[in-house]
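This report concerns only the one structure given below.
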Amino acid sequence: MAHRVRVAGVVCGLVAVGPLGSAAPHDFVAHMWGHLLLGMAGPLLLVLSAPVTVALRGLPVRAARSLSAVLASPYVRTIAHPVTAATLNVGGLWLLYTTSLHGWMHTSNVWHLVIHAHVLLAGWVFTAAILQVDPVAHPTSHRLRAGVLIGFLALHSILAKRIYAHPPAGVPTGEAQAGAQLMYYGGDYIDVVLIALLCLDWYRRAAVTNPVPPAAVSARS
């Protein structure tokens with residue numbers, strides 16, 4: 001099952017940088033489909049496949065220890081913190097769509113590659129920081145992650161509305177409005193899944209750490 005989820009995540013990325021990536025310079029709606037697949041759906045599927053857990057189980061002992069040491073390093077811990085990850089993710093999107101960066105990415109293969117890589121990695125790290133499917137050196141509370149997720153969702157929605165009202169330079173108004181609507185409503189579908197998974201994990205862990213006493217069960221029955 002995890003393998004299929006991982007493959008689906010990879011397919012999302014390939015579609016985003018392949019057919020959609022070729023159409024994106026001339027079609028803002030195609031560009032926004034790429035954003036949803038590369039920055040939201042793809043990272044979600046990849047995170048759910050637990051790639052770090054799979055790597056730690058499959059690598060030789062020495063390599064697994066080296067990977068664990070890298071994941072526990074101060075740099076990775078800082079980047080993987082929900083607040084930092086959310087800032088890099090939504091902050092990069094605001095820079096992309098409110099500055100001339102969106103125009104530059106379609107004039108240079110280097111910019112195109114760098115921005116697509118950032119969208120994928122930022123989305124992946126953010127999703128991993130919120131769900132924490134893989135083991136982390138210093139896990140954060142569900143309450144903190146829920147607060148960060150709410151803030152991210154708000155800023156993502158505000159950005160979609162801003163694109164609708166103030167299209168990026170060079171993007172026709174009609175395309176910008178259609179793309180903004182896709183970003184707003186399409187992102188909501190993925191966000192609902194993210195919220196549901198976070199709440200489900202929160203519920204399960206709370207049930208494990210705070211089991212109902214047998215006496216309380218007998219009293220209820």
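All values reported here derive from a predicted model rather than from experimental measurement. Residue numbers count from 1 along this sequence. Side chains are part of it too, since the values below use all heavy atoms of this structure and drop only hydrogens, waters and symmetry mates.
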- Task: Examine Val125 and Ile130 and state if one hydrophobic cluster contains both, with Ile, Leu, Val, Met, Phe, Trp and Tyr joined whenever side-chain heavy atoms are less than 4.5 Å apart.
- Result: no
- Note on the structure: Looking only at heavy atoms, the pair that brings Gly42 and Cys12 closest together is CA-CB, 3.8 Å
- Here the side-chain hydrogen bond (donor to acceptor under 3.5 Å, both in side chains) pairs for residues 151-162, sequence neighbours left out, are His35-His156
- Side chains of Val148 and Thr140 in contact at under 4.5 Å (non-hydrogen atoms): no
- Message: Restricting to non-hydrogen atoms, name the atom on Ala160 and the atom on Tyr184 that form the minimum distance, rounded to 0.1 Å.
- Response: CB-CB, 3.9 Å
- Could you tell me whether the side chain of Pro51 reaches within less than 4.5 Å of the side chain of Trp124, counting heavy atoms only? yes
Would you mind writing out the side-chain donor-acceptor pairs for residues 189-199 within the sub-3.5 Å range, not counting sequence neighbours?
none

- Query: Which value, rounded to the nearest 0.5 Å, describes the distance between Ile150 atom CD1 and Arg145 atom CZ?
  - Reply: 13.5 Å
- Item | Over 12 non-hydrogen atoms of neighbours within 6.0 angstrom of CH2 in Trp111 | no
- Distance in Å, Met40 CE paired with Asn89 CG, rounded so as to fall on 0.5 Å steps: 8.0 Å
- Ignoring hydrogens and angles, tell me if any N or O in the side chain of Ser141 forms a donor-acceptor pair with the backbone of Leu144 under 3.5 Å. yes
- Pro168 and Ile163, any side-chain heavy atoms less than 4.5 Å apart: yes
- Task: Output all residues satisfying ring-ring contact (aromatic ring centres under 6.0 Å, His included) with Phe126, sequence neighbours left out; order by chain, then residue number.
- Result: Phe152
- Pro43 backbone acceptor or donor facing Thr127 side chain under 3.5 Å: no
- Indicate the ring-plane relationship of His102 and His106, choosing parallel, tilted or perpendicular according to the 30° and 60° boundaries. perpendicular
- Message: Tell me if a side-chain donor or acceptor on Ser49 pairs with a main-chain N or O of Leu46 at a distance below 3.5 Å.
- Response: yes
- Message: Let me confirm one number: the CG-CE distance from Leu113 to Met105, rounded to the nearest 0.5 Å.
- Response: 10.0 Å
- Quick one: salt bridge (charged side-chain N to carboxylate O under 4.0 Å, His left out) partners of Asp201, sequence neighbours excluded? Arg205
- Query: Any chain of hydrophobic side-chain contacts (each under 4.5 Å) joining Leu88 to Val76?
  - Reply: yes
- Query: Can you get from Val114 to Ile79 by hopping between Ile, Leu, Val, Met, Phe, Trp and Tyr side chains that sit under 4.5 Å apart?
  - Reply: no
- Is it true that Val29 and Leu96 fall in one hydrophobic cluster, defined by side-chain heavy atoms closer than 4.5 Å? yes
- Query: Below 4.5 Å, heavy atoms only, C-beta onward: do Thr98 and Leu159 meet side chain to side chain?
  - Reply: yes
- Task: Working to the nearest 0.5 Å, report the span between CG of Asp188 and CE of Met183.
- Result: 10.5 Å
- Got Val15 and Trp33 here, is their nearest side-chain heavy-atom distance under 4.5 Å? no
- Message: Are the side chains of Leu37 and Leu20 in contact, using a 4.5 Å heavy-atom criterion?
- Response: yes
- For His116, check ring-ring contact (aromatic ring centres under 6.0 Å, His included) against everything at least two apart and list the hits. His112
- Query: Rounded to the nearest 0.5 Å, what separation is found between the OH atom of Tyr164 and the OG1 atom of Thr173?
  - Reply: 10.0 Å
- Results of ring-ring contact (aromatic ring centres under 6.0 Å, His included) for Trp202 - residues two or more places apart only: His142
- Starting at NE2 of His31, measure out to CG of Leu182 and round the result to the nearest 0.5 Å. 10.5 Å
- Message: When you group the ILVMFWY residues by side-chain heavy-atom contacts below 4.5 Å and let the links chain together, are Val5 and Leu38 in the same group?
- Response: yes
- Item | Derivation of the side chain to side chain contact (heavy atoms under 4.5 Å, CB included) call for Arg77 and Leu71 | CA-CA 7 Å; Arg77 284 166 48 190; Leu71 295 175; over 6 Å; no
- Would you call Pro135 and Leu56 a side-chain contact if the rule is heavy atoms closer than 4.5 Å? yes
